[in-house]
Number of protein chains: 2
Amino acid sequence: MTDDEQRRPVTTAATSLGILEQLKSGGPMGPTGIASELGLAKSTVHRHLKTLEREGFVVPDDDGYRVGLRLLDFGIYARDQHQLYEVAKPKLDELAEQTGEKVWCVTEEQGRGFHLYGAAGAHSVRTPAREGTRSYLHQLAAGKAILSAFSDERVRDIVDRHGLPAKTPQTITDSDALFEELATIRERGFALNREEIVPKLHAVGVAVTDNEGHPVGAISISGPSNRLRGDRLTGDLADLLLGAANEVEINLNFS
Amino acid sequence: MTDDEQRRPVTTAATSLGILEQLKSGGPMGPTGIASELGLAKSTVHRHLKTLEREGFVVPDDDGYRVGLRLLDFGIYARDQHQLYEVAKPKLDELAEQTGEKVWCVTEEQGRGFHLYGAAGAHSVRTPAREGTRSYLHQLAAGKAILSAFSDERVRDIVDRHGLPAKTPQTITDSDALFEELATIRERGFALNREEIVPKLHAVGVAVTDNEGHPVGAISISGPSNRLRGDRLTGDLADLLLGAANEVEINLNFS
DNA sequence: ACTGACGTTCGAATCATTCGAACAGATTTA
DNA sequence: TAAATCTGTTCGAATGATTCGAACGTCAGT
């Protein structure tokens, strides 16, 4: 039933977007480099770049072109529109202050997790996650919390679409193991992440749901594994998160 | 000499980008609404939306489609790539703490100003500016500081391209007046903004330049006009900014 | 049950896109 | 110094995709 194939895609538009993605993944480069990377003619890429430049999506650079700040304008707009962001943000700052760790707010789009906002505590560690980062849900504490609030059917669809790619040896890569984990999460109310995405990094995550029980996103606390373990992880921090998520949920329903 | 016309633009790509801009300016809407707004056929818009959705640039919404968080991923990447951002950020946080006001870091792209990062002080007021916001340079303290570091020719090009639209009665709308203002700014080292973009809002701005004197961007402090006036504005705060900009400049050249 | 509005699909005519070749300019090599 | 080889750029012509409009199914409201 994964009828994901688009009947008649606008290939020209897809090409332009592909050029943007190339500039993001490959860094600044010129028409020649992009053309060889994407298997297109130089002249074609050149025309696309000029059009993208007109709209501010790319800008000239010493090494050719790079993605323009117009995309930041769009991106911040997309974030600000998100109902969870404005409600969760002050609470996340508070949590970061209290715990000293890194606190994240994650939401789901198209079966993937997006980091909406991150608050840095006094002792928070540097991880690969940035705002805007797109991750696989099963690799995140917040992501697993979100999955646990979805129906089994919805989870199956997501797994079918995106698979269960591994980041570390601890990443859940088996569908059955994932469903067992989600059952545990539903039971105790929070999700754990023990080096499933970054070695030596642990995290707790709790889903934020709307009136009908559908997840709007999730919040999480992450930090070094030797600091986030035992009772602190599954006790104090989990309780703190559960309380915060509950507060956010109440505020969500009156905005 | 303003040979800005593109010879053979990729109109199909421009259409897709136009749909994105429509969703941003007009809020979430469906194919029918977008089509009537842009003067296109419903079916055309539909096909574009499906393609944009495949790439995550738009997502389904109760009211049709909205811009997707994939754009936040791109936008934050664009910001993080910017040399000024990582260097200026800690200094901005420090300034916000010290002054209690709102501190911004702005950079230029295609003759327009982009708000890279804003640090909120304890008493900072809420303004229309957000991160990512694109503004006219002549309407900002930071923007005028940037312009003052450009050559007259470059400024003329920018004015020719974008004009001098007004936001308040105080906005500079005359080219000669602008050049006089820029001369004053060069002389004293900092730019002022007195209700030129938002009524009752004042600001000071200082350019950040590279080794060759070309502006990389600018930093500014803004706040209510009754708090940012007299010696505090042109003395203490201006000095603070000049010192901060100088620090940033030094750090820029060794990164 | 009927109307109207919506998203969706499809065919056919048109128009724009694509490629490749050729150009000028800058930088590097001989 | 001059040749050579990178760029980025322009243009023509053939192909192929885009566009429009009409028609479909669905849903909400009357």
Side-chain angles (χ1 to χ4, degrees), chain A residues 1-23 26-68 109-110 157 212, chain B residues 1-23 26-68 109-110 157 212:
Chain A
M1 291 299 282
T2 50
D3 189 26
D4 215 359
E5 313 264 318
Q6 190 175 350
R7 308 227 172 275
R8 298 202 300 180
V10 185
T11 57
T12 304
T15 301
S16 266
L17 301 181
I19 289 173
L20 282 178
E21 306 212 19
Q22 176 59 38
L23 286 179
M29 55 203 307
T32 308
I34 298 172
S36 75
E37 203 75 33
L38 267 53
L40 298 166
K42 266 197 312 181
S43 55
T44 302
V45 175
H46 177 252
R47 250 156 49 82
H48 278 268
L49 283 171
K50 285 295 182 191
T51 306
L52 288 166
E53 182 186 359
R54 261 178 63 90
E55 308 290 337
F57 285 77
V58 305
V59 286
D61 188 79
D62 294 332
D63 305 318
Y65 288 88
R66 59 182 162 83
V67 296
E109 253 183 25
Q110 303 185 323
D157 283 349
E212 294 151 3
Chain B
M1 291 298 282
T2 50
D3 190 26
D4 214 359
E5 314 263 318
Q6 189 176 350
R7 308 228 171 273
R8 297 201 303 179
V10 185
T11 57
T12 304
T15 302
S16 267
L17 301 181
I19 289 172
L20 282 178
E21 306 212 20
Q22 177 59 38
L23 286 178
M29 57 202 307
T32 308
I34 299 172
S36 75
E37 203 74 34
L38 268 54
L40 297 167
K42 267 198 310 181
S43 55
T44 303
V45 175
H46 177 252
R47 250 157 49 82
H48 277 269
L49 283 171
K50 285 296 182 189
T51 306
L52 287 166
E53 182 187 358
R54 262 179 63 90
E55 308 289 337
F57 285 76
V58 304
V59 286
D61 187 78
D62 294 332
D63 305 317
Y65 287 87
R66 59 182 162 84
V67 295
E109 253 184 24
Q110 302 185 323
D157 283 349
E212 295 151 4

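Labels below follow one simple rule: chain letters A, B, ... track the order of the sequence lines, proteins then strands, and each chain is numbered from 1.
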> A:Arg8 has an atom CZ; how far is it from atom C1' of D:dC20, in whole Å?
11 Å

> Measuring to OP1 and OP2 of C:dT17, would you say a side-chain N or O of A:His48 lies under 4.0 angstrom away?
no

> Give the rounded distance in Å between these two atoms: CG of B:Leu49 and P of C:dT9.
13 Å

> For B:Ser43, answer base if it contacts any base atom (sugar-phosphate contacts may also be present), sugar-phosphate if it contacts only those atoms, and nothing otherwise; contact means non-hydrogen atoms under 4.0 Å.
base

> Could you check whether any side-chain heavy atom of B:Pro60 comes within less than 4.5 Å of a side-chain heavy atom of B:Tyr65, counting everything from C-beta outward?
yes

> Reckon A:His46 has a side-chain N or O less than 4.0 Å from the OP1 or OP2 of D:dT9?
yes

> On the nucleotide D:dC6, are OP1 or OP2 found under 4.0 Å from the side-chain N or O atoms that A:Thr32 carries?
no

> Closer than 4.0 Å, any side-chain N/O of A:Thr15 to the OP1 or OP2 of C:dT17?
no

> I need the CZ-P distance between B:Arg47 and C:dT9, as an integer number of Å.
11 Å

> Between B:Asp63 and A:Thr12, name the one whose nearest nucleotide on DNA chain C is closer to the 5' end.
B:Asp63

> Give the rounded distance in Å between these two atoms: NZ of B:Lys50 and C1' of C:dT9.
12 Å

> Taking OP1 and OP2 of C:dT17, is either one under 4.0 Å from a side-chain nitrogen or oxygen of A:Thr44?
no

> Quickly work out the A:Ile34 CD1 to C:dC19 P distance and round it to whole Å.
14 Å

> Report yes if some heavy atom in the side chain of B:Val10 is under 4.5 Å from a heavy atom in the side chain of A:Thr44; otherwise report no.
no

> Using whole Å, report how far CD of B:Glu53 lies from C1' of C:dT8.
13 Å

> Report yes if some heavy atom in the side chain of A:Leu17 is under 4.5 Å from a heavy atom in the side chain of B:Leu52; otherwise report no.
yes

> Between A:Leu40 (CG) and D:dG16 (P), how many Å, whole number?
16 Å

> OP1 or OP2 of D:dT10 sitting under 4.0 Å from any side-chain N/O of A:Lys42?
no

> Please report, rounded to the nearest Å, how far the C1' atom of C:dC6 is from the CG atom of B:Asp62.
15 Å

> Within a strict 4.5 Å, meaning less than it, do heavy atoms of the B:Pro28 and B:Asp62 side chains meet?
no

> Could you go step by step and tell me if A:Arg66 and A:Val59 meet the side chain to side chain contact (heavy atoms under 4.5 Å, CB included) rule?
CA-CA 6 Å; A:Arg66 59 182 162 83; A:Val59 286; 3.5 Å; yes

> Select from B:Gly39 and A:Gly64 the residue whose nearest nucleotide in DNA chain D is closer to the 5' end of that strand.
A:Gly64

> Pick base, sugar-phosphate or nothing for B:Pro9, based on heavy-atom distances below 4.0 Å to the nucleic acid.
sugar-phosphate

> Just N and O in the side chain of A:Thr11: are any of them under 4.0 Å from OP1 or OP2 of D:dT18?
yes

